[in-house]
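Just so we're on the same page: letters track the sequence lines, and every chain starts at 1.
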Amino acid sequence: NAGVMQNPRHLVRRRGQEARLRCSPMKGHSHVYWYRQLPEEGLKFMVYLQKENIIDESGMPKERFSAEFPKEGPSILRIQQVVRGDSAAYFCASSPTVGSTDTQYFGPGTRLTVL
Amino acid sequence: AQSVAQPEDQVNVAEGNPLTVKCTYSVSGNPYLFWYVQYPNRGLQFLLKYITGDNLVKGSYGFEAEFNKSQTSFHLKKPSALVSDSALYFCAVRPYNTDKLIFGTGTRLQVFP
């Protein structure tokens, strides 16, 4: 059973460009979470999605960031007009069902560098 | 505010010695507590979790953690450290009836031969 897949693993963008990060959950998992890890910091929750629904986006910046989890295909975290402060590691996690006791399993992350 | 504290940025221990990585939390209601480990340039790997029941939880790679409600702590322990245990360890809490994990800032464990 393959784990959570994220691609690309490394992404370099210039200021003002768009970044698209993809996440494929573990087989059988229908819940996806995105977290951001700034250098030397812990992970911060961004958004929680189920298929075709955003359940909780309380951690998403108000502008430039969006996320989706379509019926078919991976979840996408999209950052428009990137700035240097967006440089971070972005981790996706998945869980099989909704519930506070469920373990979230993390992917390897995408490391975004904004020049 | 709900939060997790890992008071030590780094813990150094000699191989073969017991190790403890500390974690305290502040949440309303019953907490669900997790430990993850992160190796360089890798994602987080799940180690163990406390939901309910026995306060001593056993997890992967010989790690265990003790839930102490009165001290609001969930310290990670291992009786005999290995050099390969050297990594970054994160404590996390999932407050009751929410979907997000709240992470501590991490503790770097360095095990010396």
Side-chain angles (χ1 to χ4, degrees), chain A residues 2-10 21 23-26 29-50 53-60 69 89-113, chain B residues 1-10 21-53 57 59-60 65 67 87-108:
Chain A
V4 178
M5 309 289 286
Q6 290 188 250
N7 66 80
R9 294 290 306 277
H10 300 274
L21 288 62
C23 169
S24 296
M26 289 178 70
H29 287 194
S30 57
H31 303 266
V32 166
Y33 312 79
W34 285 93
Y35 292 82
R36 177 166 62 177
Q37 183 180 31
L38 295 172
E40 305 302 320
E41 291 188 16
L43 279 72
K44 304 289 187 188
F45 169 80
M46 298 181 75
V47 62
Y48 161 42
L49 310 103
Q50 296 177 26
N53 282 304
I54 296 175
I55 307 302
D56 181 352
E57 57 181 348
S58 59
M60 288 280 270
F69 189 15
Y90 292 82
F91 291 96
C92 168
S94 72
S95 68
T97 61
V98 63
S100 298
T101 64
D102 278 342
T103 300
Q104 294 180 19
Y105 294 93
F106 284 79
T110 293
R111 279 157 181 80
L112 173 65
T113 301
Chain B
Q2 301 182 110
S3 63
V4 175
Q6 293 182 244
E8 302 154 316
D9 290 337
Q10 180 154 332
V21 182
K22 296 179 181 177
C23 171
T24 59
Y25 63 90
S26 175
V27 296
S28 54
N30 293 323
Y32 301 127
L33 297 154
F34 300 79
W35 275 101
Y36 288 85
V37 59
Q38 184 180 33
Y39 295 98
N41 298 316
R42 302 277 296 277
L44 276 69
Q45 294 180 31
F46 168 72
L47 279 179
L48 51 80
K49 67 181 178 183
Y50 172 81
I51 303 300
T52 187
V57 179
S60 306
F67 171 64
L88 188 57
Y89 289 80
F90 288 100
C91 180
V93 63
R94 190 168 183 174
Y96 176 74
N97 210 28
T98 68
D99 41 68
K100 66 188 75 170
L101 289 171
I102 300 170
F103 282 87
T105 51
T107 298
R108 190 166 300 280

* **Minimum-distance pair of heavy atoms, taken over all atoms of A:Y48 and B:D99** => CD2-CG, 3.3 Å
* State the CG-OG1 distance between A:L38 and B:T105, to the nearest 0.5 angstrom. => 13.0 Å
* May I have the step-by-step check of side chain to side chain contact (heavy atoms under 4.5 Å, CB included) for A:Y35 and B:L44, ending in yes or no? => CA-CA 11 Å; A:Y35 292 82; B:L44 276 69; over 6 Å; no
* Counting only heavy atoms closer than 4.5 Å, note whether A:Q37 contacts chain B via side chain, backbone, both or neither. => side chain
* In terms of heavy-atom pairs under 4.5 Å, which option from B:Y50, B:F90, B:F103 contacts chain A the most? -> B:F103
* Asked: Which answer fits A:Q104, side chain, backbone, both or neither, if we ask what part of it has an atom under 4.5 Å from a heavy atom of chain B?
  -> both
* For B:N30, does the CG atom sit with more than 12 other heavy atoms under 6.0 Å from it, leaving out its own atoms? -> no
* **chain A contact via B:Q38 - which portion, at a heavy-atom distance below 4.5 Å** => side chain
* Spatial distance of atom CD1 (B:I51) from atom CG (A:D102) [nearest 0.5 Å] -> 8.5 Å
* Structure fact -> Cut-off 4.5 Å, heavy atoms of chain A, and the answer for B:Y36 is side chain
* Within-4.5 Å side-chain heavy-atom neighbours: B:T98 and A:F45 -> no
* Asked: Looking at residues at least two apart in the chain, or sitting in another chain, which of them share a salt bridge (Lys or Arg N to Asp or Glu O under 4.0 Å) with B:K22?
  -> none
* Asked: Are there more than 12 heavy atoms of other residues, nucleotides or ligands under 6.0 Å from atom CE of A:M60?
  -> yes
